[in-house]
Amino acid sequence: MVRIATLPKPPGFAPGDATAPPEPPSDQPGRGEPGSPRRPGVQYGSTNSDLAFSGNHLFVGNYNGINFYDIDNPAKTKLRTSLVCPGGQGDVSVYGRLLFMSAEAMNGRTDCGTQGIPLPPGYKPPPPPKPDPAAPPGARPPRQPPPPNPDRFRGVRIFDISDLTRPRQVAAVQSCRGSHTHTLVVDPNDKENVYIYISGTGPVRQAEELSNCSGGDPSTNPDTALFRIDIIKVPLAHPEQAKIVSSPRIFSDEKTGVMNGLWKGGTHGEGTQTTSLTDKCHDITVYSAIGLAAGACSGNGILLDISDPKNPKRIDAVSDPNYAFWHSANFSNDGTKVLFTDEWGGGAQPRCRESDPMHWGADAIFTLDKGKLTLASYYKMPAAQTDTENCVAHNGSLVPIPGRDVLVQAWYQGGISIVDFTDAAHPFEIAYFDRGPIDAAKRGMGGQWSTYWYNGHIYGAEIARGVDVFKLVPNQFLTQNEIDAAGQVHFDELNVQNQPKIAWPSNFIVARAYVDQLNRSGALTAQRIAALTAVMADRRSAGQLQSLAAGLEKDAPAAKPADGQRMRALASILRSYSK
């Protein structure tokens, strides 16, 4: 892959801006490793985070707000609008004229102001609580929240972006733990509303700041805001009426009903990871086409039935002794695999060094059959990184190459790795991009936060250095025909955590990709490859097309599963041209 454009962060987000909020402490979820000392490092302005797409526009979340980019010509991507609105990592999604933004940090204000929440005159913070003897080794006691303030906002903001140059906040839905991330959910049976799954990972707010909020152990407080997610219903005609309509307890023990029903936190045994308590989800990926969602939920990977989006039901949960913090998830397009990531070190630590285990801070690939997840393998970017480069598995999306399961994935300062996981037991890297450390002498927070494929190009949110745009180029693992076939897929909108079903047109561009794959795998002889290539070049008679299609269908059952599927798909295209 090659980079074709790069844009620095604009004013209000770049180094030295007075409006840029301070970086959160290292024990905040997603920003460090609990129990590890905070090391000084270089700063590069406010952090770029997640991405969303609509039409010819890219929306880049940031701890200080959102930047809108025009990508009509990806090689000449240009800034359209900057929305300064601090409040956390600014995860973003878009639906029609509505844009949604997560806020969890204590400096978020209902009015999007940059002044933060001032402390009362003469305020003195209370002494820190004593360590909990039952807490996992190395865990820190929770930080004391600042005094309640009616101006503080923690939840999901909703903007009307009908005029992209003047985004207008139309709703701000408060939640007890704020919104670290969120997931847009579209119910195919409900055309009047969309839903937002809130994944809150922060401390629970005081009831004096938001009524009906309280924390604590569910055994003593059945109303605790821990051990749940919150779901917002957004009426499309009246988004200002958006509100939380349910708070499902998706971690409960299915037999006893105990809320704390999954991983309790701590080590799995000698030589294993210390894994976070499952009382929250970091990210939830919904795949409405199959009615399922995959939740990366701190100490577990979970599978949800979302046939009723307001009331998701857990149908499976897995844990892993190599995982510290379950972070995000992607389905394969056919729904037979789920790839989960582990954010060991919280994203701020160097976890891709030669000395680091290859199964820690990696992807875990599970097969999915009849609602059950089974571990098949792990994948970690193979190139060792340095002590100054924060690196661990992070956000990615499918690249729509027909006949293959391919993920383009961000690895912070490890750069970008593209992995083929078609064979769930044997994933391998097919391409990469890495520009090296932002500072070779001292550690600084940087690298790719999210890298997603959208309509023929790959876009990356580089934490420190801005926005990058890439295109794929052929290599020994990827042909130009496969790249061209991926370019046949077009989305009007893309929110990666609301995973769309990929469909390819029935044409010779896609067919040539299948032929290349069957040639690479050795599933067809050179003579048959030549015949297929010739018939697509010359568009010969319907009889020839039918004959080749029949031969492929006959041989498909005896081929390896992936090759058999390619043969059937190729035969279907040949038959469509023979009519």
Side-chain angles (χ1 to χ4, degrees), residues 9-14 16-25 28-31 43 45-50 59-68 81-93 98-123 125 143-161 166-182 196 198-213 225 230 232 234 239-244:
K9 286 182 284 190
F13 302 82
D17 287 322
T19 57
E23 290 294 316
Q28 180 168 322
R31 297 293 298 156
Q43 296 296 327
S46 56
T47 295
N48 274 341
S49 58
D50 209 13
F59 302 88
V60 181
N62 182 285
Y63 274 78
N64 213 26
I66 302 173
N67 287 299
F68 302 8
T81 305
S82 289
L83 169 61
V84 176
C85 186
Q89 65 188 40
D91 266 30
V92 60
S93 59
L98 300 179
L99 181 144
F100 305 91
M101 176 187 182
S102 287
E104 184 178 70
M106 297 297 178
N107 67 327
R109 295 179 56 88
T110 55
D111 61 2
C112 278
T114 61
Q115 70 269 39
I117 307 292
L119 294 171
Y123 172 77
R143 289 166 301 176
Q144 294 297 291
N149 190 300
D151 294 329
R152 181 173 286 112
F153 179 75
R154 299 175 64 206
V156 173
R157 303 182 190 273
I158 305 176
F159 295 90
D160 186 318
I161 56 171
R166 297 178 181 272
R168 179 172 57 91
Q169 184 170 288
V170 295
V173 182
Q174 301 268 21
S175 61
C176 289
R177 299 187 74 179
S179 175
H180 194 64
T181 68
H182 71 265
I196 301 293
I198 301 178
S199 295
T201 65
V204 178
R205 300 164 79 164
Q206 306 102 311
E208 295 85 355
E209 186 170 279
L210 186 63
S211 61
N212 300 317
C213 290
D230 294 320
I232 301 173
V234 184
E240 71 280 0
Q241 298 175 7
K243 64 180 181 180
I244 293 175

| task | Using atom types as modelled and distance alone, determine if a side-chain donor or acceptor of Asn107 lies under 3.5 Å from a backbone N or O of Ile117. | result | no
| field | Heavy-atom closest pair, residues Asn149 and Pro118 | value |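 Taking Asn149 first and Pro118 second, the nearest heavy atoms are ND2-O, 4.3 Å.
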| Does the Arg154 side chain pair with the main chain of Arg177, one donor and one acceptor, at a distance under 3.5 Å? |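 Judged by distance alone, yes, a pair lies under 3.5 Å.
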| request: In sequence, state the C-alpha distance, the side-chain angles, and the governing distance for Gln174 and Arg152, and then conclude on side-chain hydrogen bond (donor to acceptor under 3.5 Å, both in side chains). | output: CA-CA 9 Å; Gln174 301 268 21; Arg152 181 173 286 112; over 6 Å; no
| said: Using side chain to side chain contact (heavy atoms under 4.5 Å, CB included), reason through Asp111 and Phe153 one step at a time and then give a plain yes or no. | reply: CA-CA 8 Å; Asp111 61 2; Phe153 179 75; over 6 Å; no
| Can you find a heavy atom in the side chain of Leu99 that is under 4.5 Å from one in the side chain of Ile66? | yes
| query | Judged by atom type as modelled, is there a donor-acceptor pair below 3.5 Å linking the side chain of Ser49 to the main-chain atoms of Gln89? | reply |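 Checking the backbone N and O of Gln89 against the side chain of Ser49, a donor-acceptor pair under 3.5 Å is found.
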| said: I need the Ser175 OG to Ile196 CD1 distance, nearest 0.5 Å. | reply: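 So the OG of Ser175 and the CD1 of Ile196 are separated by 12.0 Å.
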| Could you give the distance from CG (Asn62) to CE (Met101), rounded to the nearest 0.5 Å? | 8.0 Å
| task | Please report the C-alpha distance between Phe159 and Arg168 in whole Å, then the side-chain angles of each, then the deciding distance to 0.1 Å, and finally whether the side chain to side chain contact (heavy atoms under 4.5 Å, CB included) criterion is met. | result | CA-CA 5 Å; Phe159 295 90; Arg168 179 172 57 91; 6.0 Å; no
| Steps toward side-chain hydrogen bond (donor to acceptor under 3.5 Å, both in side chains) verdict (Ser82, Asn67) | CA-CA 5 Å; Ser82 289; Asn67 287 299; 2.5 Å; yes
| request: Using modelled atom types only, decide if a donor and an acceptor are shared between the side chain of Ser46 and the backbone of Phe13 within a distance under 3.5 Å. | output: yes
| request: Could you tell me the separation between the CD atom of Glu209 and the SG atom of Cys176, rounded to the nearest 0.5 Å? | output: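 It comes to 10.5 Å.
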| said: Whether the side chain of Gln206 engages the backbone of Pro146 through a donor-acceptor N/O pair (distance < 3.5 Å, no angle test) should be reported. | reply: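 Indeed, once roles are kept as given, a pair shorter than 3.5 Å links the two residues.
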| 4.5 Å side-chain heavy-atom contact, Pro167 and Thr81 |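 Counting from C-beta outward, Pro167 and Thr81 do come under 4.5 Å.
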| query | Would you say the side-chain atoms of Glu104 pair up with the backbone N or O of Gly202, donor to acceptor, closer than 3.5 Å? | reply | yes
| With distance as the sole test, does Arg157 use its side chain to make a donor-acceptor pair with the main-chain N or O of Val170 at under 3.5 Å? | no
| Within the distance-only criterion (no hydrogens, no angle test), does the side chain of Gln169 pair as donor or acceptor with the backbone N or O of Thr110 below 3.5 angstrom? |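 The answer is yes, because a donor-acceptor pair under 3.5 Å joins these two groups.
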| request: State, with a plain yes or no, whether a side-chain heavy atom of Ile244 is found less than 4.5 Å away from one of Val173. | output: yes
| Heavy-atom check, side chain of Pro147 versus side chain of Tyr123, under 4.5 Å |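 The answer is yes; the side chains approach within 4.5 Å.
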| Closest non-hydrogen atom pair, Met106 against Pro203 | CE-CG, 3.7 Å
| said: As an exercise, state the distance from NE2 of His180 to OG of Ser199, rounded to the nearest 0.5 Å. | reply: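 Spacing of NE2 (His180) from OG (Ser199) equals 9.0 Å.
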| OG1 on Thr181 to CG on Asp91, rounded to 0.5 Å | 5.5 Å
| task | Step by step, work out the side chain to side chain contact (heavy atoms under 4.5 Å, CB included) result for Val234 and Phe100. | result | CA-CA 11 Å; Val234 184; Phe100 305 91; 4.0 Å; yes
| message | Show, in sequence, the C-alpha distance, side-chain angles and deciding distance for Ser102 and His182, and conclude whether the side-chain hydrogen bond (donor to acceptor under 3.5 Å, both in side chains) test is met. | response | CA-CA 7 Å; Ser102 287; His182 71 265; 2.8 Å; yes
| Is there a side-chain contact between Ile161 and Phe59 (heavy atoms, below 4.5 Å)? | yes
| task | Check step by step if side chain to side chain contact (heavy atoms under 4.5 Å, CB included) holds for Arg109 and Gln115. | result | CA-CA 9 Å; Arg109 295 179 56 88; Gln115 70 269 39; 3.3 Å; yes
| request: Indicate yes or no for a side-chain donor-acceptor contact from Glu240 to the backbone of Ala172 under 3.5 Å, with no hydrogens or angles considered. | output: no
